[in-house]
Amino acid sequence: MPNRTVTMIDNRTGEKYDFPILEPTIGPDVVDISTFYGNTGMFTFDRGFTSTASCRSKITYIDGGKGQLMYRGYDIAYLATQKTFLDSAYLLLNNDLPDEETLASFTEEMKKRSFIHEGMKKLFDAFPDNAHPMAILSAGVSALSTFYFDHLDVDTPEEYMEMAHRIVAKIPTIAALSYRYSQGLPVIYPDMNKGFTENFLYMLRGYPHHHIDLKPIEVKALDTIFTLHADHEQNASTTTVRVVASTHAHPYACIASGIAALWGRAHGGANESVIRQLEMIGSVENVDKYIAKAKDPDDPFRLMGFGHRVYKNFDPRATILKEIQQELVQELNLDTGLMAVAKKIEEIALSDEYFIKRNLYPNIDFYSGIILQALKIPKEMFAVIFVIGRTPGWISQWIELKEQDNIKIARPRQLYLGPLDRTPKY
Ligand code: SDX
């Protein structure tokens with residue numbers, strides 16, 4: 001049996017330290033350095049955790065080189081084209097795809113639980129007009145704990161699933177309310193005759209006592225976007241959820257923290273930034289100037305929607321969204337002004353040495369922003385759409401952490417570069 005260890009030698013002393021190699025189902029081997037400090041008296045350093053596995057997980061797998069993404073062993077292209085978002089949400093939470101009957105009852109439960117406590121509306125009234133919907137959503141999810149406060153310790157599988165169903169069902173309603181309030185629009189309640197995604201679009205666009213037509217292609221496009229966003233290993237917002245969960249904070253607090261982390265433009269806020277950037281570039285003639293800025297090491301300007309920590313090939317989700325975008329252009333004969341700029345950027349970036357050398361391909365946010373705009377969803381709501389899709393993933397990761405024996409609180413160390421002790425005698 002090969003010796004499944006890695007040996008590290010401190011060349012200053014010749015000391016040797018062995019660390020076990022942990023074997024994954026697939027993907028890179030993992031060196032277990034949890035005894036590193038105890039054995040060596042040293043820390044390891046890994047800015048941005050680029051080489052660090054933070055947990056054991058059975059939920060989602062990404063092969064960045066192949067551009068592969070699987071939820072619980074099912075390829076993303078299969079789930080996005082053959083299944084619905086609620087199929088994937090159920091799969092992430094329960095480790096199996098639902099049969100027809102199970103999906104029907106899961107769908108019914110999501111409808112019934114989509115309503116929120118009327119008292120929550122007073123919270124929304126407190127926000128100024130034009131408050132960003134992500135700020136309202138994060139506060140709203142945190143406030144769920146004041147209206148649905150069973151008890152702080154959620155410690156049984158039944159309670160985990162109760163929290164999961166409650167949060168997945170209510171987030172679209174809070175999300176739609178966040179937008180309605182930010183625009184001073186009347187509240188639209190969930191319609192029990194509509195499916196999960198159709199209901200969200202209805203709550204976003206509807207008016208009291210007024211029928212609105214939602215095109216099936218729009219509902220399907222948004223449902224696919226939710227599926228594509230449902231989970232993504234230990235990205236920044238999922239890591240935030242796990243870190244907060246490791247303190248035994250309430251699940252509403254964990255998800256609200258994930259929403260806050262996702263908002264950043266380097267993460268889930270990128271889809272909104274993509275559109276703002278395309279609007280700023282304005283025309284095909286200006287593209288070269290901004291590509292040069294993106295390549296300039298002294299210019300902080302970055303091409304929003306390009307690059308990814310893990311994918312060093314095409315983001316498989318972007319490939320699927322690109323097809324949806326083309327379908328929508330035909331079906332809804334969309335204004336292709338912004339798309340012409342996006343297409344020019346994509347053409348240049350995919351052939352330019354700077355981007356090729358750094359494996360900077362279009363990511364999910366490059367296309368999702370354009371599609372959401374085509375669906376007439378306001379750009380302030382793009383990250384909110386990301387939250388609705390990602391919530392089942394965050395909660396599945398939260399449950400996986402809670403089910404561990406002796407949860408260890410996340411508490412990294414540091415490379416201290418501050419002053420030595422300079423306290424005066426006193
Ligand atoms: C999401 O992690 C996930 O899974 C996230 C996500 C999910 O589903 O949860 O996939 C969702 O967040 C997608 C990413 C959305 N963000 C953007 O589109 C923002 C633009 N992209 C960059 O900010 C960046 O590419 C990141 C944040 C996505 C990745 O950053 P890394 O892995 O830390 O890479 P880096 O910053 O170290 O960059 C490596 C090099 C640098 O150049 P050099 O110093 O080597 O010369 O690539 C350059 C960077 O300057 N670079 C870019 C660039 N992204 C990286 N240059 C221009 N434009 C860019 N977009």
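Whatever order the structure lists ligands and atoms in, that order sets their numbers, starting from 1. Please read all numbers here as calculations on a predicted model, not as lab measurements.
Protein heavy atom nearest atom 4 (O) of ligand 1, with residue, atom name and distance: His232 ND1, 2.6 Å. Taking atom 32 (O) of ligand 1 as the reference point, the nearest protein heavy-atom neighbour is Arg309 NE, 2.9 Å. Annotation: atom 14 (C) of ligand 1 to nearest protein heavy atom, Asn363 ND2, 3.6 Å. For atom 15 (C) of ligand 1, the closest non-hydrogen atom on the protein side is Asp365 OD2, 3.2 Å. In this structure, atom 35 (P) of ligand 1 lies nearest to the protein heavy atom Arg302 NH2, 4.0 Å. Distance from atom 11 (C) of ligand 1 to its nearest protein heavy atom, with residue and atom name: His267 ND1, 3.8 Å. Among all non-hydrogen protein atoms, the one lying nearest atom 58 (N) of ligand 1 is Leu303 N, 3.1 Å. The shortest contact between atom 48 (C) of ligand 1 and any protein heavy atom is with Tyr354 OH, 3.5 Å.
At under 3.5 Å, not a single nitrogen or oxygen of Ile364, backbone or side chain, sits near a nitrogen or oxygen of ligand 1. Note: no N/O pair closer than 3.5 Å links Met304 and ligand 1 by distance alone.
By the 6.0 Å and 45° rule, Arg358 stacks over the aromatic ring of Tyr354. A cation-pi arrangement is found for Lys170 relative to Tyr148, the charged atom lying closer than 6.0 Å to the ring centre and inside a 45° cone about the ring normal. For the pair Lys194 and Tyr202, the cation-pi criterion (under 6.0 Å, within 45° of the ring axis) is fulfilled.
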Could you walk me through whether Arg390 and Gln397 satisfy the side-chain contact (heavy atoms from CB on, under 4.5 Å) test, starting with their C-alpha distance in whole Å, then the side-chain angles of each, then the deciding distance to 0.1 Å, before giving a yes or no?
CA-CA 11 Å; Arg390 184 54 53 90; Gln397 301 267 354; over 6 Å; no

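Between Tyr37 and Phe43, a ring centre-to-centre spacing shorter than 6.0 Å is recorded.
By the 4.0 Å heavy-atom criterion, Glu233 is excluded from the residues contacting ligand 1. Remark: distances from the non-hydrogen atoms of Gly305 to ligand 1 include one below 4.0 Å. The closest approach between a heavy atom of Val310 and any atom of ligand 1 is not below 4.0 Å. Ligand 1 lies less than 4.0 angstrom from a heavy atom belonging to Arg390. Within the structure, ligand 1 lacks Tyr311 among the residues with a heavy atom less than 4.0 angstrom away. Residue Ala294 places a heavy atom less than 4.0 Å from ligand 1.
Looking at Arg358 against ligand 1, only its side chain comes within 4.0 Å, counting heavy atoms. With a 4.0 Å heavy-atom cut-off, ligand 1 is reached by no atom of Arg47. Counting heavy atoms under 4.0 Å from ligand 1, residue Leu360 touches it through the side chain alone.
Between the side chains of Ser237 and His267, a donor-acceptor pair is found at a separation under 3.5 Å. Side chain to side chain, Thr7 and Asp18 meet the donor-acceptor criterion of an N or O pair below 3.5 Å. Under the 3.5 Å distance criterion, with hydrogens and angles disregarded, no donor-acceptor pair is assigned to the side chains of Ser182 and Asn130. In summary, the side chains of Asn235 and Thr239 do not present any donor paired with an acceptor at a separation below 3.5 Å, with no hydrogens or angles considered. Arg166 and Tyr252 share a donor-acceptor pair across their side chains, judged by distance under 3.5 Å alone. The closest side-chain donor-acceptor pair between Glu346 and Tyr367 falls under 3.5 angstrom.
Closer than 4.0 Å to atom 44 (O) of ligand 1 lies none of the heavy atoms of the protein. For atom 50 (O) of ligand 1, a protein heavy-atom neighbour is found at a distance under 4.0 Å. For atom 26 (C) of ligand 1, the nearest protein heavy atom lies 4.0 Å or farther away. Inside a 4.0 Å radius of atom 37 (O) of ligand 1 there is not any protein heavy atom.
We find that Glu108 and Lys111 are joined by a salt bridge, their nearest charged nitrogen and carboxylate oxygen being less than 4.0 Å apart.
Distances from atom 28 (C) of ligand 1 to the heavy atoms of Gly389, Gly307, Ala230, Ala261 show the closest one on Gly307.
Relative orientation of the Phe226 and Phe85 rings is tilted, given thresholds of 30° and 60° on the angle between their planes. Ring-plane geometry between His308 and Tyr311 is classed as tilted, the angle between the planes lying from 30 to 60 degrees on a 0 to 90 degree scale. Using cut-offs of 30° and 60° on the angle between ring planes, the pair Phe147 and His117 is tilted.
Close approach to Ala270 involves these atoms of ligand 1, each under 4.0 Å from a residue heavy atom: 15 (C), 16 (N), 17 (C), 18 (O). If you number the atoms of ligand 1 from 1 as listed, the ones under 4.0 Å from a heavy atom of His308 come out as 2 (O), 3 (C), 4 (O), 5 (C), 6 (C), 10 (O), 13 (C), 25 (O), 28 (C).
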